[in-house]
Peer 1: 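Can you keep this structure in mind? I'll have questions shortly.
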Amino acid sequence: MSLTSPHLGSPSVWTDARLLYALEEVVEKELNRHLKVTKDWMPHEYVPWSDGRNFPGFFEDGEAWDKEQSKVTEVGKIALVVNLLTEDNLPSYHHEIATLFGREGAWGTWVHRWTAEEGRHGIVMRDYLLASRAVDPDKLEQFRMSHMSEGFESDNRHSMLHSIAYVAFQELATRISHRNTGHQSGDPVCDRMLARIATDENLHMVFYRNLLKAAFELAPDLTMQAVRDVVVNFRMPGHGIPGFERAAAQMAIGEVYNMRIHHDDVLQPVLRFLKIMEIDGLGPEGLKAQEELGLFMGGLDAEASKFDEKLAARKARMAARAQHA
């Protein structure tokens with residue numbers, strides 16, 4: 001570590017600037033580890049180009065899009081659009097983290113590398129959607145223009161610790177959303193593509209998760225408060241997408257991303273890795289945050305169980321209708 005690690009729980013002691021400096025060595029270590037384990041891949045190799053054909057407009061032989069042309073399930077279409085529009089806002093995300101983490105040293109190298117890797121995701125997803133005619137291309141572009149024109153501001157831009165905590169969970173949430181979208185898409189080509197993207201997102205999660213662990217060693221009280229705030233107020237970065245709430249509800253029913261998945265597959269794995277409820281030596285504010293975090297997770301689990309029951313009942317009704325049809 002660049003700085004010693006006494007128990008310092010006061011914001012007047014740990015500024016963002018001091019934390020950035022103190023974590024620089026950890027960032028360099030995690031960056032080097034990431035570069036050793038990550039594998040470059042070619043987006044164009046995952047796209048079914050032979051399925052592609054001209055759209056109307058400048059081409060006389062252009063064929064208009066029709067929903068019957070798509071191999072993808074309805075929930076798959078919804079999730080693919082949400083996931084792609086989320087990826088489309090990469091310029092805003094880059095601006096946010098470059099402003100917060102800086103463009104110099106190991107932090108800057110990571111910021112640019114992360115952006116370059118994330119750029120592949122939007123490229124391959126859009127190429128797949130257009131070549132396979134999975135979704136309406138006109139609506140997709142209209143959504144993109146609307147979403148990106150609104151810009152993006154992170155809920156956690158006020159604090160470096162909050163931002164690190166957020167991306168540790170958000171990268172895993174994105175991985176899970178992509179992976180489950182592939183499973184529910186009904187198209188093996190789509191599933192393979194999204195599995196490749198999910199691998200990247202998992203490595204990004206590991207980077208931030210390990211950084212968050214190091215932050216706990218430096219400033220346990222402040223980091224615990226940041227984790228509590230992020231977990232309690234968590235929102236996916238695509239929440240500003242047109243029609244997001246309706247799409248999110250359909251994705252929840254379709255088991256792409258819902259309360260149970262969020263609790264079991266996103267929040268719990270990171271909290272378990274950090275051994276969040278076992279961290280001791282906390283001051284009053286850290287202990288309060290730890291207790292509130294435990295209470296929230298218990299409440300979320302209970303709410304998720306209610307959702308599970310409703311989902312199971314819905315499936316039973318649909319199965320009964322199918323038998324009588």
Side-chain angles (χ1 to χ4, degrees), residues 43 46-48 51 65-88 120-137 139-140 143 147 169-202 205 234-239 241-269 304-322:
Y46 288 80
V47 179
D51 291 350
W65 182 83
D66 185 277
K67 63 180 181 180
E68 298 302 322
Q69 298 166 353
S70 178
K71 302 174 184 176
V72 176
T73 61
E74 284 305 310
V75 69
K77 292 176 188 175
I78 293 165
L80 279 164
V81 171
V82 169
N83 291 354
L84 175 55
L85 293 178
T86 300
E87 299 285 356
D88 276 333
R120 288 179 175 141
H121 303 168
I123 290 169
V124 71
M125 288 179 70
R126 175 165 282 98
D127 285 348
Y128 164 79
L129 292 178
L130 295 179
S132 67
R133 295 190 169 231
V135 300
D136 185 334
K139 286 186 178 179
L140 183 64
F143 281 146
H147 184 44
F169 294 105
Q170 182 266 320
E171 292 283 4
L172 183 52
T174 304
R175 171 190 179 268
I176 296 297
S177 182
H178 282 311
R179 199 69 193 92
N180 288 344
T181 298
H183 291 330
Q184 300 291 344
S185 69
D187 181 10
V189 175
C190 180
D191 192 25
R192 185 166 58 246
M193 171 194 66
L194 291 176
R196 178 57 260 189
I197 292 175
T199 299
D200 280 0
E201 302 289 10
N202 196 62
M205 178 276 294
F234 186 87
R235 296 195 296 176
M236 290 293 273
H239 60 79
I241 292 170
F244 178 78
E245 290 185 4
R246 185 170 186 273
Q250 291 169 305
M251 290 167 67
I253 294 170
E255 298 181 86
V256 171
Y257 200 97
N258 56 39
M259 203 178 297
R260 173 54 64 198
I261 292 169
H262 183 61
H263 177 277
D264 290 1
D265 299 338
V266 176
L267 298 182
Q268 283 284 34
S305 294
K306 293 178 183 177
F307 174 83
D308 292 342
E309 292 172 5
K310 291 179 180 178
L311 187 60
R314 184 179 186 276
K315 287 181 178 178
R317 288 195 303 270
M318 291 180 68
R321 287 173 189 166

Peer 1: May I ask you to test the R179-H183 pair for a side-chain heavy-atom distance under 4.5 Å?
Peer 2: yes
Peer 1: Search all heavy atoms of V82 against all heavy atoms of A247 and return the closest pair with its distance.
Peer 2: CG2-CB, 3.7 Å
Peer 1: Between T174 and Q170, do the side chains contain a donor N or O and an acceptor N or O under 3.5 Å apart?
Peer 2: yes
Peer 1: Between I197 and M125, which heavy-atom pair has the shortest distance, and what is it?
Peer 2: CD1-CG, 3.6 Å
Peer 1: Does the side chain of C190 come within less than 4.5 Å of L80's, by heavy atoms?
Peer 2: yes
Peer 1: Taking all atoms of both residues into account, what is the closest heavy-atom pair of V47 and A131, and its distance?
Peer 2: CG1-CB, 3.8 Å
Peer 1: Is the shortest distance from a Lys or Arg side-chain nitrogen in E74 or K77 to a carboxylate oxygen in the other one below 4.0 Å?
Peer 2: yes
Peer 1: What's the separation between atom NE2 in H147 and atom CG in L84, rounded to the nearest 0.5 Å?
Peer 2: 10.0 Å
Peer 1: With a 4.5 Å limit on heavy-atom distance, are the side chains of R126 and D88 in contact?
Peer 2: yes
Peer 1: Quick one: closest heavy-atom pair of T86 and P237, and the distance?
Peer 2: CG2-CG, 3.8 Å
Peer 1: Between D265 and R260, does any NZ, NE, NH1 or NH2 come within less than 4.0 Å of an OD or OE carboxylate oxygen?
Peer 2: no
Peer 1: Can you find a pair of side-chain heavy atoms, one from F143 and one from I241, that are under 4.5 Å apart?
Peer 2: no
Peer 1: Hey, does the side chain of Q69 reach the backbone of D66 with a donor-acceptor pair shorter than 3.5 angstrom?
Peer 2: yes
Peer 1: Can you see which heavy atom on Y46 is nearest to which on R196, and at what distance?
Peer 2: OH-CD, 3.4 Å
Peer 1: With a 3.5 Å cut-off and no angle check, do the side chains of Y257 and N83 form a donor-acceptor pair?
Peer 2: no
Peer 1: Output yes when D136 and K67 qualify as a salt bridge under the 4.0 Å nitrogen-oxygen rule, no when they do not.
Peer 2: no
Peer 1: Rounded at 0.5 Å granularity, tell me how far NE2 in H262 sits from CZ in F234.
Peer 2: 5.5 Å
Peer 1: For the atom pair OG (S177) and CG (L172), what is the distance rounded to the nearest 0.5 Å?
Peer 2: 11.0 Å
Peer 1: Is D200 paired with R175 through a side-chain N to carboxylate O contact shorter than 4.0 Å?
Peer 2: no
Peer 1: Quick one: pull up CG in L311 and CG in N258 and give me the separation to the nearest 0.5 Å.
Peer 2: 7.0 Å
Peer 1: First locate atom CD of E201, then atom NE2 of H178, and finally report the distance between them rounded to the nearest 0.5 Å.
Peer 2: 5.0 Å
Peer 1: Any idea which heavy atoms bring M236 and A173 closest together, and the distance?
Peer 2: SD-CB, 3.6 Å
Peer 1: So does P137 get a backbone contact from the side chain of W65, meaning a donor-acceptor N/O pair under 3.5 Å?
Peer 2: no
Peer 1: Stepwise, does the side-chain contact (heavy atoms from CB on, under 4.5 Å) test hold for E255 with K315?
Peer 2: CA-CA 12 Å; E255 298 181 86; K315 287 181 178 178; 2.7 Å; yes
Peer 1: Got K71 and V189 here, is their nearest side-chain heavy-atom distance under 4.5 Å?
Peer 2: no
Peer 1: Roughly how far, to the nearest 0.5 Å, is CD1 of I261 from CG of N180?
Peer 2: 5.0 Å
Peer 1: Stepwise, does the side-chain contact (heavy atoms from CB on, under 4.5 Å) test hold for R133 with D51?
Peer 2: CA-CA 8 Å; R133 295 190 169 231; D51 291 350; over 6 Å; no
Peer 1: Do R120 and P43 have side chains that approach each other closer than 4.5 Å (heavy atoms only, starting at C-beta)?
Peer 2: yes
Peer 1: Set out, in order, the CA-CA distance, both residues' side-chain angles and the distance that settles side-chain contact (heavy atoms from CB on, under 4.5 Å) for H263 and M259, then state yes or no.
Peer 2: CA-CA 6 Å; H263 177 277; M259 203 178 297; 5.9 Å; no
Peer 1: Could you go through the side-chain contact (heavy atoms from CB on, under 4.5 Å) check for Y128 and V72 one step at a time?
Peer 2: CA-CA 11 Å; Y128 164 79; V72 176; 3.5 Å; yes
